[in-house]
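Mind looking over this structure? Questions follow.
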Amino acid sequence: TTLPALPAPGTPSGLDTASLTGLKRVAQYYVVTAFLALLIGVLIGPLQALNYAGIDAYPAVARIPLLRNIIGSYYQGLTLHGVLNALVFTQFFTSGWLLYLPLRALDVRPSLNFAWFTYWMMLVGLLTAAVPLLRNDATVLYTFYPPMEASPVFYIGAAVMVAASLLVAGQVILAWIGWKRTHPGQVTPVVAYMGVATWLMWVIAALGLVTEVVGLLIPWSLGLTAGVDPLLARTLFWWTGHPIVYFWLLPAYVSWYAFLPRQAGGRLASEGLARLAFALFLVFSVPVGLHHQYADPNISSAWKTIHMFLTFLVAVPSLLTAFSVAAALEDAAHARGGRGVLGWVRFLNWRDASMTGQVLAMVSFIFGGAGGIVNASYAFAPIVHNTAWIPGHFHITVGTATTLSFMAITFWLVPHLTGKRLQSPRLALPSVWLWFAGMMLFAVGMHWQGLAGVPRRSHLSAASQGVYDAMQIAVPRALTGISGVVLLIAALLYFWVLLRTLLSPRMDDPEATAIPTSDAISPSSPTLAGASALVRRTEPLLALAGAALLLTLLVYLPVIGPMIAAYQAVPGHRLW
Ligand code: HAS
Ligand code: HEM
């Protein structure tokens, strides 16, 4: 059985050729812009890894005129690294990936003018925010907590970027609503379902950030208000700041569920379970942000505890994904002759860089997810909060589960979108293995340093070393430093493959690299009447979004209400 999700490879699409070509082109622009941002962001990373090895490379960097301006200090570099990698790379990639896939799955002809408008708007937002970042006028790190105050141009640029992503969300959601009208009684194709659920979640998630930036930070930085309440701003930030991690993760899950099984030579385990996972993410991703604020005063412990339990609940769809995707991989290995409880792992198609990169990304996420549960536990949080443990956690979540998956996806996506052949495929495989190895070393080094009490966000290589020498952390420091070098090599190999592919000539058949849509062991009926209860109940995405919004308001309004009532207008500070 073939999933109804996407046209099987080689079948002509209902989208006419001109709009399909146009849609691919917009998606390609988004994806390439995303990776250009990652390229710059990632080149700064090794300097930070060396910092955590006790090596201060910044005085040397300051001697190079061009670099002196953009990485003028540890914190300017760290701001660029966080913003470009975590915010820009992920948002641009997802805007292309989850614009293209759902529209193609639904076979809907999009307004290309609108799609281009959102791309250019996002780019203008990015370039606007880049000006103060590069001029050292917005060295406020990617969380931009007040009372640190950046130039208003930074906040305005960031707001335009986020607004553009909401327009992409709108285009996909409206296309799906239109499809539902013209296809009554039909089940949404699974890839479109996952895409629409992700965008709906993002719309609810973004409300916090939009309120913070538009309502508080822009007027304040323009001098229209006397100050801003740091606690209220942080709370609104984390309303968005936790679910944003699922906005980074779910696009990878789309691939792990819908495409990876076929790339591995197997089938998606259960279409119904895939839908359930996305429905649960839609409902439970947002009302959890206080787990980033256990240490913040003036928020009741009761609400922090409620957010903690909801955090444990939002781990459930990831656990479901772990078992479901592992079953799909086992199915693939069985088809290739693999047997045994774990013996089948050897039989996966380890020569395929796209599959290998994604499986390695998943392995990293086992540890990243386990660390997340530690962070979320109110009792453990004080031990790890604000230590190097936290960057350890998120480099094997966003830095690997997400980034390595996106990198591995480009090995088929870029040829698919551009009609070009993957170049230097022999370098693709070592690039993903080295990324995985580098990030695992990094994670061991940073988690270990965190447990020893080393703080995050510290230019500690420039500080007096006595205290760090006394901690006896030479081994994790060395691991962190080595990981930076390994990751630099991995990145150079990967970008060599990507750039050579982009610069190579087109092939004759633009669809020569097909979308690797997987079949399912338990597929769903394409009609609601024939579908299982699980598929029928998870189909009404708008109702699930309504439930998500209600739950979010229930757990946030009683927290935010008193903050507004006792609003503290704190003037801004420029600490750099
Ligand atoms: Fe997190 C901090 C809790 C997931 C990213 N997180 C961060 C920060 C970032 C981040 C960027 O509760 C730092 C923010 C800052 O700058 O201050 N996180 C969690 C929890 C989860 C979690 C409970 N985080 C993520 C994901 C991220 C991400 C995903 C990005 C993509 N995180 C926290 C908390 C903090 C935090 C606290 C605040 C810490 C503090 O004190 O400041 C959960 O969603 C994790 C659930 C995941 C699992 C794992 C499932 C495993 C799967 C793979 C299976 C593998 C297979 C492979 C099948 C339960 C799906 C088999 C292969 C073979 C070869 C056999
Ligand atoms: C922070 C290294 C790639 C996202 C850091 C820190 C280090 C580091 C050592 C901690 C700095 C500190 O707390 O003072 C690296 C290396 C990389 C890499 C060596 C690979 C070459 C990535 C990627 C992402 C990412 C791919 C996401 C897509 C972040 C974020 C921060 C960070 C969001 C936090 C910034 C902050 O605290 O304000 N990185 N990183 N990094 N990294 Fe990376």
Side-chain angles (χ1 to χ4, degrees), residues 38 41-52 74-75 78-79 81-87 89-90 141-143 238 241-242 244-250 252-253 256 285 288 291-295 307-308 311-312 314-330 333 342 344-345 348 359-378 381-382 384-404 406 435 438-439 442 445-446 455-460 480 483-488 490-491:
L38 184 74
V42 147
L43 289 177
I44 304 170
L47 298 174
Q48 295 156 190
L50 288 177
N51 171 57
Y52 276 86
Y74 182 74
Y75 295 101
L78 188 57
T79 305
H81 177 83
V83 169
L84 287 174
N85 290 342
L87 304 180
F89 163 62
T90 50
L141 304 181
Y142 83 113
T143 42
W238 288 116
H242 190 76
I244 205 175
V245 311
Y246 301 119
F247 183 56
W248 302 336
L249 180 72
L250 295 186
Y253 274 15
W256 296 0
S285 286
V288 295
H291 70 222
H292 288 263
Q293 295 181 267
Y294 291 145
H307 279 234
M308 175 183 74
T311 306
F312 293 145
V314 78
V316 171
S318 281
L319 290 168
L320 220 152
T321 303
F323 289 104
S324 191
V325 179
L329 291 179
E330 191 174 357
L342 279 176
W344 57 266
V345 172
L348 289 171
V359 173
L360 294 176
M362 288 159 67
V363 172
S364 83
F365 194 47
I366 299 176
F367 303 102
I373 310 274
V374 171
N375 302 344
S377 308
Y378 209 164
V384 296
H385 184 58
N386 275 342
T387 71
W389 167 288
I390 304 299
H393 159 68
F394 61 73
H395 283 80
I396 46 175
T397 50
V398 66
T400 314
T402 298
T403 304
L404 186 54
F406 290 1
W435 189 275
M439 280 300 184
F442 180 86
M446 292 294 274
R456 69 180 285 201
R457 293 181 156 174
S458 298
H459 189 186
L460 40 87
T480 310
S483 77
V485 179
V486 175
L487 282 161
L488 180 62

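First listed ligand is number 1; within each ligand, the first listed atom is number 1. Position 1 is the first residue of the sequence, and the numbers go up from there. Values in this document were obtained by computation on a predicted structure and should not be read as measured data.
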Y253 vs W256 aromatic rings, parallel, tilted or perpendicular, using cut-offs 30° and 60°?
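Judged by the thresholds at 30° and 60°, the geometry between Y253 and W256 is tilted.
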Checking a contact table here: which protein heavy atom is nearest atom 39 (C) of ligand 1, and how many Å away?
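Heavy-atom neighbour on the protein nearest atom 39 (C) of ligand 1: I390 CD1, 3.5 Å.
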Report the part of H81 (side chain from C-beta onward, or backbone N, CA, C, O) that has a heavy atom under 4.0 Å from ligand 2; answer both or neither where that applies.
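The side chain, only.
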Determine whether the side chain, the backbone, both or neither of V359 has a heavy atom under 4.0 Å from any heavy atom of ligand 1.
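The answer is the side chain of V359.
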Option nearest atom 33 (C) of ligand 2 (shortest heavy-atom distance, choices G438, A490, A86):
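Ranked by closest heavy atom to atom 33 (C) of ligand 2, first place is A86.
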Atom 32 (N) of ligand 1 [closest protein heavy-atom partner, distance rounded to 0.1 Å]:
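Here the nearest protein heavy atom works out to H393 NE2, 3.2 Å.
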Give the atoms of ligand 2, by number and element, whose distance to some non-hydrogen atom of L487 is under 4.0 Å.
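Counting atoms of ligand 2 from 1, those under 4.0 Å from L487 are 19 (C), 20 (C), 21 (C).
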Determine whether M439 and T403 make a side-chain contact, defined as any pair of heavy atoms from C-beta on separated by less than 4.5 Å.
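A side-chain contact under 4.5 Å is absent here.
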With Y142 as reference, evaluate L78, V83, T79 under the side-chain contact (heavy atoms from CB on, under 4.5 Å) test and give the passing residue.
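When L78, V83, T79 are each tested with Y142, the side-chain contact (heavy atoms from CB on, under 4.5 Å) holds only for V83.
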Nearest 0.5 Å please: distance from the OG1 atom of T311 over to the CD1 atom of I373.
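Rounded to the nearest 0.5 Å, the OG1-CD1 separation comes out at 9.0 Å.
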List ligand 1 atoms under 4.0 Å from Y246, heavy atoms only on the residue side.
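Those atoms are 21 (C), 43 (C), 44 (O).
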Where ligand 1 meets R456 - atom numbers and elements under 4.0 angstrom, heavy-atom basis:
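Contacts of ligand 1 toward R456, numbered from 1: 15 (C), 16 (O), 17 (O).
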Could you find the nearest protein heavy atom to atom 50 (C) of ligand 1 and give me its residue, atom name and distance?
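Protein heavy atom at minimum distance: S318 O, 3.7 Å.
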With heavy atoms of Y253 as the reference, note each atom of ligand 1 found under 4.0 Å away.
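Those qualifying, in numeric order: 60 (C).
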Counting each atom of ligand 1 from 1 as listed, which ones have a heavy atom of V398 under 4.0 Å away?
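Selected atoms, number and element: 30 (C), 31 (C).
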With heavy atoms under 4.0 Å as the rule, classify the contact between S458 and ligand 2 as side chain, backbone, both or neither.
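For S458, the contact with ligand 2 is made by the backbone alone.
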Starting from atom 61 (C) of ligand 1, which protein heavy atom do you reach first, and at what distance in Å?
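Of every protein heavy atom, L329 CD1, 4.4 Å lies nearest to atom 61 (C) of ligand 1.
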Under 4.0 Å to a heavy atom of L319 - the qualifying atoms of ligand 1, by number:
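So the atoms of ligand 1 that pass are 59 (C).
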Side-chain contact test, heavy atoms from C-beta onward, threshold under 4.5 Å: evaluate it for L43 versus L488 and give yes or no.
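L43 reaches L488 side chain to side chain.
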Where is the nearest protein heavy atom to atom 38 (C) of ligand 1: which residue, which atom, and how far?
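In this structure, atom 38 (C) of ligand 1 has H292 ND1, 3.5 Å as its nearest protein heavy atom.
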Within a strict 4.5 Å, meaning less than it, do heavy atoms of the L38 and L84 side chains meet?
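In short, these two side chains do not touch, never coming nearer than 4.5 Å.
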Pick from V288, V245, I396: the one approaching atom 31 (C) of ligand 1 most closely through a non-hydrogen atom:
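Considering heavy atoms of V288, V245, I396, the nearest to atom 31 (C) of ligand 1 sits in V245.
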Just checking: H242, one of its N/O/S atoms, less than 2.8 Å away from atom 1 (Fe) of ligand 1, yes or no?
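Of the N, O and S atoms in H242, none lies under 2.8 Å from atom 1 (Fe) of ligand 1, which means no.
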Looking at non-hydrogen atoms alone, which of F406, W248, F394 comes nearest to atom 34 (C) of ligand 2?
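Looking at heavy atoms only, the winner is F394.
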Counting only heavy atoms closer than 4.0 Å, does ligand 2 sit against the backbone of W435, its side chain, both, or neither?
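Contact part for W435 vs ligand 2: side chain (C-beta onward).
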Any side-chain to backbone donor/acceptor pair from S483 onto T480? Under 3.5 Å, distance only.
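It does hold such a pair.
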Please state which option from H459, M439, Q48 has its nearest heavy atom closest to atom 8 (C) of ligand 2.
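Heavy atom nearest to atom 8 (C) of ligand 2 belongs to Q48.
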Just which atoms of ligand 1 are under 4.0 Å from any heavy atom in W238?
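Atoms satisfying the 4.0 Å criterion: 14 (C), 15 (C), 17 (O).
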CG of N386 to CZ of R457: how many Å apart, nearest 0.5 Å?
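Answer rounded to 0.5 Å: 8.0 Å.
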Should you measure from each heavy atom of V42, which atoms of ligand 2 turn up under 4.0 Å away?
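The atoms of ligand 2 under 4.0 Å from a heavy atom of V42 are 21 (C).
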Would you mind telling me which of L249, T90, V245 makes a side-chain contact (heavy atoms from CB on, under 4.5 Å) with V398?
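Single pass found, and it is T90.
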Supply the atom-to-atom distance H393 NE2 to M446 CE, rounded to the nearest 0.5 angstrom.
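Answer for the NE2-CE pair, H393 versus M446, is 13.0 Å.
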Go through ligand 1 atom by atom and flag the ones less than 4.0 Å from a non-hydrogen atom of T311.
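Numbered from 1, ligand 1 contributes 23 (C).
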Donor + acceptor pair across side chains of S458, Y52 (<3.5 Å):
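No donor-acceptor contact under 3.5 Å links the two side chains.
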Would you mind finding which of V363, T397, T402 brings a heavy atom closest to atom 62 (C) of ligand 1?
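The residue whose heavy atom sits nearest atom 62 (C) of ligand 1 is V363.
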Per-residue contact class, T403 against ligand 2 - non-hydrogen pairs under 4.0 Å:
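The answer is the side chain of T403.
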Name the orientation class of the two ring planes belonging to H459 and Y74 (parallel below 30°, tilted from 30 to 60°, perpendicular beyond 60°).
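Taking Y74 first and then H459, their aromatic rings lie parallel (interplane angle under 30°).
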State the atoms of ligand 1, each with its element, that fall below the 4.0 Å cut-off from a heavy-atom position in A322.
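So the atoms of ligand 1 that pass are 51 (C), 52 (C), 54 (C), 58 (C), 60 (C).
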Among W389, F442, F367, ring-ring contact (aromatic ring centres under 6.0 Å, His included) partner for H395:
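Going through W389, F442, F367 one by one, the ring-ring contact (aromatic ring centres under 6.0 Å, His included) with H395 is satisfied by F442 alone.
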Answer yes or no: is there a side-chain heavy-atom contact under 4.5 Å between V359 and L329?
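A side-chain contact under 4.5 Å exists here.
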Residue selection (non-hydrogen contact nearest atom 51 (C) of ligand 1) among F247, F323, F365
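Going through F247, F323, F365 one by one, F365 has the nearest heavy atom to atom 51 (C) of ligand 1.
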Please state which option from M362, H291, H385 has its nearest heavy atom closest to atom 40 (C) of ligand 1.
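Checking each option, the heavy atom nearest atom 40 (C) of ligand 1 is found in H385.
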Check if L488 has a non-hydrogen atom at a distance under 4.0 Å from any atom of ligand 2.
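Outside the 4.0 Å threshold, so no.
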Using 30° and 60° as the class limits, which term best fits the ring planes of Y294 and Y378: parallel, tilted or perpendicular?
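The arrangement is parallel - the two ring planes meet at less than 30°.
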Of the listed options (P317, G369, A376), which comes nearest to atom 12 (O) of ligand 1 when hydrogens are ignored and any heavy atom counts?
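Shortest heavy-atom distance from atom 12 (O) of ligand 1: A376.
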Counting only heavy atoms, tell me which of L141, N375, V345, L249 gets closest to atom 33 (C) of ligand 1.
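Result: the heavy atom closest to atom 33 (C) of ligand 1 is in N375.
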Step through it carefully: locate the ring centre of F406, locate the ring centre of F89, and say whether they are under 6.0 Å apart.
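Aromatic pair counts; centres sit under 6.0 Å.
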Parallel, tilted or perpendicular, judged at 30° and 60°: which one describes the rings of W238 and H292?
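Ring orientation of W238 relative to H292: parallel.
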Taking the non-hydrogen atoms of Y142, is any one of them nearer than 4.0 angstrom to ligand 1?
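Yes; Y142 lies near enough to ligand 1 that a heavy-atom distance drops under 4.0 Å.
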To which protein heavy atom is atom 3 (C) of ligand 1 closest, and what is the distance rounded to 0.1 Å?
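The closest heavy atom on the protein side is G372 O, 3.3 Å.
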Decide if atom CZ of F312 counts as having more than 12 heavy atoms of other residues, nucleotides or ligands within a radius under 6.0 Å.
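Atom CZ in F312 is crowded, with more than 12 foreign heavy atoms closer than 6.0 Å.
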